[in-house]
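Structure record follows, encoded as structure tokens.
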Amino acid sequence: QVRLAESGGGSVQAGGSLTLSCASSVHARICMSWFRQAPGKEREGVASIAPSGSTMYADSVKGRFTVSKVDDKNTLTLHMTSLKPEDTALYYCASTPPPYYGRDSDCDFRPNFYNYWGQGTQVTVST
């Protein structure tokens, strides 16, 4: 069982920055990702990180968002810059069950690949 808890959401103006955190209850070899869901839209993958540290980003956030993992704190972060109104959404972190020994390339944005989800943290970007 992996418990995930997001924090760091808030309201910012366009062009601003925010850093989200996701605290995991386990220190283990897992694949973790950030997803987001805006009202009336499907959940979409934003950024993922494999146990090796290999990362993947959605085209819409490349160059603006950075995902990283602080292993000694069991924490996943998402540093978001140059925020746009279209980034407004509820942001979730997700995890595979430990241990993960699959391919880095499989740590992607398929929601059903992940067994554990946090409750989400709201990000609102205003013009």
What is the minimum heavy-atom distance between His79 and Thr19, and which atoms define it?
ND1-OG1, 2.7 Å
Say whether Ser21 and Ser7, considering side chains only, have a donor N or O and an acceptor N or O under 3.5 Å apart.
no
Rounded at 0.5 Å granularity, tell me how far CZ in Phe109 sits from OG in Ser33.
6.0 Å
Can you measure from CG (Asp104) to CE (Met56) and round to the nearest 0.5 angstrom?
8.5 Å
Parallel under 30°, tilted from 30 to 60°, perpendicular over 60°: which one fits the rings of Phe35 and Tyr114?
perpendicular
Is a side-chain donor or acceptor of Glu44 paired with a backbone partner of Arg36 at a separation under 3.5 angstrom?
no
Indicate yes or no for a side-chain donor-acceptor contact from Arg3 to the backbone of Ser25 under 3.5 Å, with no hydrogens or angles considered.
no
Using modelled atom types only, decide if a donor and an acceptor are shared between the side chain of Thr96 and the backbone of Cys31 within a distance under 3.5 Å.
yes
Test side chain to side chain contact (heavy atoms under 4.5 Å, CB included) on Cys107 and Tyr100 and set out the steps.
CA-CA 10 Å; Cys107 290; Tyr100 177 78; 3.6 Å; yes
Quick check on Glu42: does its CD atom have over 12 non-hydrogen neighbours (other residues, nucleotides or ligands) under 6.0 Å away?
no
Nearest 0.5 angstrom please: Arg103 CZ to Asp108 CG, how far?
9.5 Å
Residues joined to Phe65 in its hydrophobic cluster, side chain to side chain under 4.5 Å directly or through other members, sorted by chain and number, are Val2, Leu4, Val12, Leu18, Leu20, Val26, Ile30, Met32, Trp34, Val46, Ile49, Tyr57, Val61, Val67, Leu76, Leu78, Met80, Leu83, Tyr91, Tyr116, Val123, Val125
Would you say the side-chain atoms of Glu6 pair up with the backbone N or O of Gln119, donor to acceptor, closer than 3.5 Å?
yes
Looking at Asp87 and Lys84, is any side-chain nitrogen of the basic one under 4.0 Å from a carboxylate oxygen of the acidic one?
no
Using every non-hydrogen atom in the two residues, find where Ser82 and Arg64 come nearest and quote the distance to one decimal.
O-NH1, 2.9 Å
Interatomic distance, NZ@Lys69 vs OG1@Thr55, rounded to 0.5 Å, equals 13.5 Å
